[in-house]
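Worksheet: one structure, shown below.
FYI, side chains are in, hydrogens and waters are out, and symmetry mates aren't considered; it's all heavy atoms of this structure. Predicted model only: the values in this text are computed from it and were never measured.
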Amino acid sequence: MFALVSCTEHYVPKPRAYHRIDLPERAYQLFDEKMYPYTYEIPVYANVTPYEAVNEKFWANVNFPAFNAKINLSYKALNTTNLREHIADALTFIDRHHGKASRIRELDFNDPENRIYGMIFDIRGSGVASAYQFYITDSVKHFVRGALYFDHAPNNDSLAPVIDFLKMDIDHLIETFKWRK
């Protein structure tokens, strides 16, 4: 009797799923290393290391080990003529995403009190290498470009919850950014 009843149910395969992503509680700490010409707040679940791929003094990575992600921060000192060059260079990195991007949203950022001006680029698309980028400057001495990267092949559809979570942390980094005097 049991064998007859158990065979009447039709098997339905379960859809493919992705692993569950537990997002940490937000809390921030000040990154204030004296050797850098800037300070900002990072999440307590992140750390900062020098960016050693190039021989640049003030470049850094903000690492998110739990997500296998990082924000590459590149710093350039400005002189009277190179601000446009650095902005054009930052826009070149954005242009490289046009082939895979379904949308690139540009957001202006202005904080006159702290002399922080720039743009944030929210890049949507399943195969874009960096879904969130920005540049900030004081327009006189300093220029910083940042880009979010994952240490694996981009699958931004499955990474969307993490990307959205880290965007808020990047926005907080930008909002708390200050140049040293």
Side-chain angles (χ1 to χ4, degrees), residues 21 23-79 82-94 97 104-123 128-151 156 159-181:
I21 301 171
L23 301 174
E25 192 76 29
R26 286 195 201 279
Y28 295 96
Q29 62 190 353
L30 182 64
F31 174 77
D32 189 12
E33 293 290 325
K34 302 295 184 211
M35 67 177 265
Y36 288 90
Y38 49 77
T39 67
Y40 50 85
E41 290 185 6
I42 62 169
V44 296
Y45 42 86
N47 62 65
V48 178
T49 56
Y51 183 66
E52 297 175 355
V54 295
N55 192 17
E56 293 286 347
K57 196 167 157 182
F58 303 123
W59 289 30
N61 284 328
V62 179
N63 305 294
F64 299 90
F67 303 122
N68 209 17
K70 65 185 163 212
I71 305 165
N72 291 126
L73 295 176
S74 56
Y75 172 86
K76 294 290 186 181
L78 295 179
N79 61 39
N82 65 355
L83 176 61
R84 287 184 188 191
E85 175 184 318
H86 293 313
I87 291 173
D89 188 44
L91 295 176
T92 298
F93 282 99
I94 302 302
H97 288 82
I104 299 177
R105 189 172 62 147
E106 299 176 5
L107 307 162
D108 287 324
F109 184 84
N110 294 301
D111 179 1
E113 182 178 327
N114 292 306
R115 301 177 336 270
I116 309 285
Y117 311 96
M119 293 201 71
I120 300 168
F121 301 91
D122 185 2
I123 306 168
V128 297
S130 176
Y132 212 58
Q133 298 189 30
F134 66 90
Y135 71 81
I136 52 178
T137 181
D138 67 352
S139 301
V140 179
K141 290 182 173 180
H142 309 285
F143 183 90
V144 170
R145 180 184 168 276
L148 172 65
Y149 291 103
F150 289 88
D151 291 331
N156 294 341
L159 290 173
V162 174
I163 292 170
D164 290 340
F165 183 80
L166 293 177
K167 283 179 186 179
M168 293 178 69
D169 289 335
I170 295 169
D171 290 345
H172 185 84
L173 181 150
I174 295 168
E175 291 166 1
T176 60
F177 205 94
K178 292 188 176 55
W179 309 109
R180 289 196 191 278
K181 296 184 181 188

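- The minimum heavy-atom distance linking Y28 with E41 is given by the pair CB-OE1, 3.6 Å.
- Listed by chain and residue number, nothing satisfies the ring-ring contact (aromatic ring centres under 6.0 Å, His included) test with Y117 (two or more places apart in sequence, or in another chain).
- Residues that satisfy the side chain to side chain contact (heavy atoms under 4.5 Å, CB included) test with V44, not counting sequence neighbours, are A27, Q29.
- Between the CE atom in M119 and the CD1 atom in I174 there is a gap of 11.5 Å [rounded to 0.5 Å].
- Y135 has its side chain out of reach of D89: every pair of non-hydrogen atoms, C-beta onward, lies at least 4.5 Å apart.
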**Request:** Give the intermediate values and the outcome of side chain to side chain contact (heavy atoms under 4.5 Å, CB included) for residues F134 and L107.
**Result:** CA-CA 9 Å; F134 66 90; L107 307 162; over 6 Å; no

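- Note that CZ of R84 is 12.5 Å distant from CG of L91, once rounded to the nearest 0.5 Å.
- L159 contributes atom CG, which lies 10.5 Å from atom CG of D164 (distance to the nearest 0.5 angstrom).
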**Request:** Before giving the answer on side chain to side chain contact (heavy atoms under 4.5 Å, CB included), spell out for S130 and I123 the whole-Å C-alpha distance, their side-chain angles and the decisive distance to 0.1 Å.
**Result:** CA-CA 7 Å; S130 176; I123 306 168; 5.6 Å; no

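- Shortest non-hydrogen contact noted between L83 and S139 is CD2-CA, 4.0 Å.
- Residues I136 and Y40 form no side-chain contact, since every pair of their non-hydrogen atoms from C-beta on lies 4.5 Å or further apart.
- When every heavy atom of F58 is checked against every heavy atom of Y36, the shortest pair comes out as O-CE2, 3.5 Å.
- If you take NE2 on H172 and CG on L166, they are separated by 13.5 Å, rounding to the nearest 0.5 Å.
- With a 6.0 Å radius and a threshold of 12 heavy atoms from other residues, nucleotides or ligands, R180 has its CZ atom above the threshold.
- Residues satisfying the side chain to side chain contact (heavy atoms under 4.5 Å, CB included) test with D122, not counting sequence neighbours, are R103, R105, R124, Y132, K167.
- Residues satisfying the side chain to side chain contact (heavy atoms under 4.5 Å, CB included) test with E175, not counting sequence neighbours, are F109, D171.
- For F121, the ring-ring contact (aromatic ring centres under 6.0 Å, His included) criterion is met by no residue, not counting sequence neighbours.
- The distance from atom CE of M168 to atom CZ of R26, rounded to the nearest 0.5 Å, is 4.0 Å.
- The nearest pair of heavy atoms linking N82 to N79 is OD1-N, 2.9 Å.
- In this structure, the separation between CD on E106 and CD1 on I120 is 11.5 Å, given to the nearest 0.5 Å.
- Taking the six-membered ring where the residue is Trp, F177 and W179 present perpendicular rings, their angle passing 60° and hence far from 30°.
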Which donor-acceptor pairs under 3.5 Å do the side chains of residues 60-78 make with protein atoms, sequence neighbours left out?
| unit_1 | atom_1 | unit_2 | atom_2 | d |
| --- | --- | --- | --- | --- |
| N61 | OD1 | N72 | ND2 | 2.3 |
| N63 | ND2 | N47 | OD1 | 2.9 |
| N63 | ND2 | T49 | OG1 | 3.0 |
| K70 | NZ | D151 | OD1 | 3.2 |
| S74 | OG | R145 | O | 3.4 |
| Y75 | OH | H142 | ND1 | 2.6 |
| K76 | NZ | E56 | OE2 | 3.3 |

